[in-house]
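I have placed the structure first, in the form of structure tokens, so that the comments after it can refer back to it.
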Amino acid sequence: MTTDFYQQVYTLVAVIPHGKVLNYGMVALLLGRPRNARAVGYALNNLPYDHNIPWQRVVGKNGRYGRSTIRSLMHGRDQQIALLKDEGIEFNDNQEFILADYLWNPSAEEVSAILNGSSS
DNA sequence: ACGGTGACACCAG
DNA sequence: TCTGGTGCCACCG
């Protein structure tokens with residue numbers, strides 16, 4: 001009983017392949033809201049308690065957290081990095097990684113099928 | 001309905 | 001390159 005937008009975010013994030021990532025802006029774009037990255041973050045901040053969603057696969061634009069607006073995450077930045085490393089993503093000494101190397105790039109049809117198949 | 005807030009993104013200095 | 005300000009849009013009180 002979440003809003004459609006929340007549900008779409010959860011549905012999409014839930015199917016991000018192992019070892020792949022998406023940034024907030026990309027999620028927003030795939031959902032048809034190109035400038036609404038903030039709402040994506042808001043949705044992930046309100047994950048249901050019983051969620052089984054790979055939230056760690058959604059990262060900041062530069063492939064890391066690091067902007068002043070972000071302080072502490074519910075699970076912690078270090079925890080997220082640990083989880084991503086566990087999926088095979090390689091970080092450099094600055095706790096960054098090449099976003100383009102791991103970015104998930106589904107087609108519009110694929111996304112459409114995903115949203116239509118699971119949300120209703 | 002309105003204003004404040006925010007797991008972001010982008011631009012300017 | 002880094003910091004600060006602005007734009008965006010959905011949610012909450």
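To find a chain, count down the sequence lines: A is the first, B the second, and so on, and within it residues start at 1.
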Measure the distance from [atom1] on [X] to [atom2] on [N] and round it to the nearest whole Å.
X       : N     : atom1 : atom2 : value
A:Leu12 : B:dA7 : CG    : P     : 20 Å
A:Lys61 : B:dA7 : NZ    : C1'   : 17 Å
A:Trp55 : B:dA7 : CH2   : P     : 14 Å
A:Arg57 : B:dA7 : CZ    : C1'   : 17 Å
A:Asn45 : B:dT5 : CG    : C1'   : 11 Å

Self-check item: Option among A:Leu103, A:Leu99, A:Leu12 that satisfies the side-chain contact (heavy atoms from CB on, under 4.5 Å) test with A:Met26
Solution: A:Leu103

Practice problem: Apply side chain to side chain contact (heavy atoms under 4.5 Å, CB included) to A:Leu44 and A:Tyr24, showing your working. | Solution: CA-CA 10 Å; A:Leu44 291 180; A:Tyr24 297 92; 4.0 Å; yes

Quiz item: If you draw a 6.0 Å radius around CG in A:Asn92, do more than 12 non-hydrogen atoms from other residues or ligands fall strictly inside?
Solution: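 Yes, CG of A:Asn92 has more than 12 neighbouring heavy atoms, counting only those of other groups under 6.0 Å.
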
Dump the pairs, protein N or O against N or O of nucleotides 8-11 of chain C, anything under 3.5 Å, distances to one decimal.
residue, atom, partner, partner atom, Å
C:dC8, N3, A:Arg38, NH1, 3.4
C:dC9, O4', A:Asn36, OD1, 2.8
C:dC9, O3', A:Asn36, ND2, 3.0
C:dA10, OP1, A:Arg33, NE, 3.3
C:dC11, OP1, A:Thr3, OG1, 2.6

Exercise. Could you tell me which residues satisfy side chain to side chain contact (heavy atoms under 4.5 Å, CB included) with A:Tyr6, sequence neighbours excluded, listed by chain and number?
Key: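 Scan of A:Tyr6 (side chain to side chain contact (heavy atoms under 4.5 Å, CB included), adjacent residues dropped) gives A:Thr2, A:Thr3, A:Tyr10, A:Tyr42, A:Ala43, A:Asn46.
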
Quiz item: With hydrophobic residues grouped by side-chain heavy-atom distances under 4.5 Å, do A:Val59 and A:Ile98 end up in a single group?
Solution: no

Quiz item: Does A:Gln56 reach the main-chain N or O of A:Gln80 with its side chain, forming a donor-acceptor pair under 3.5 Å?
Solution: no

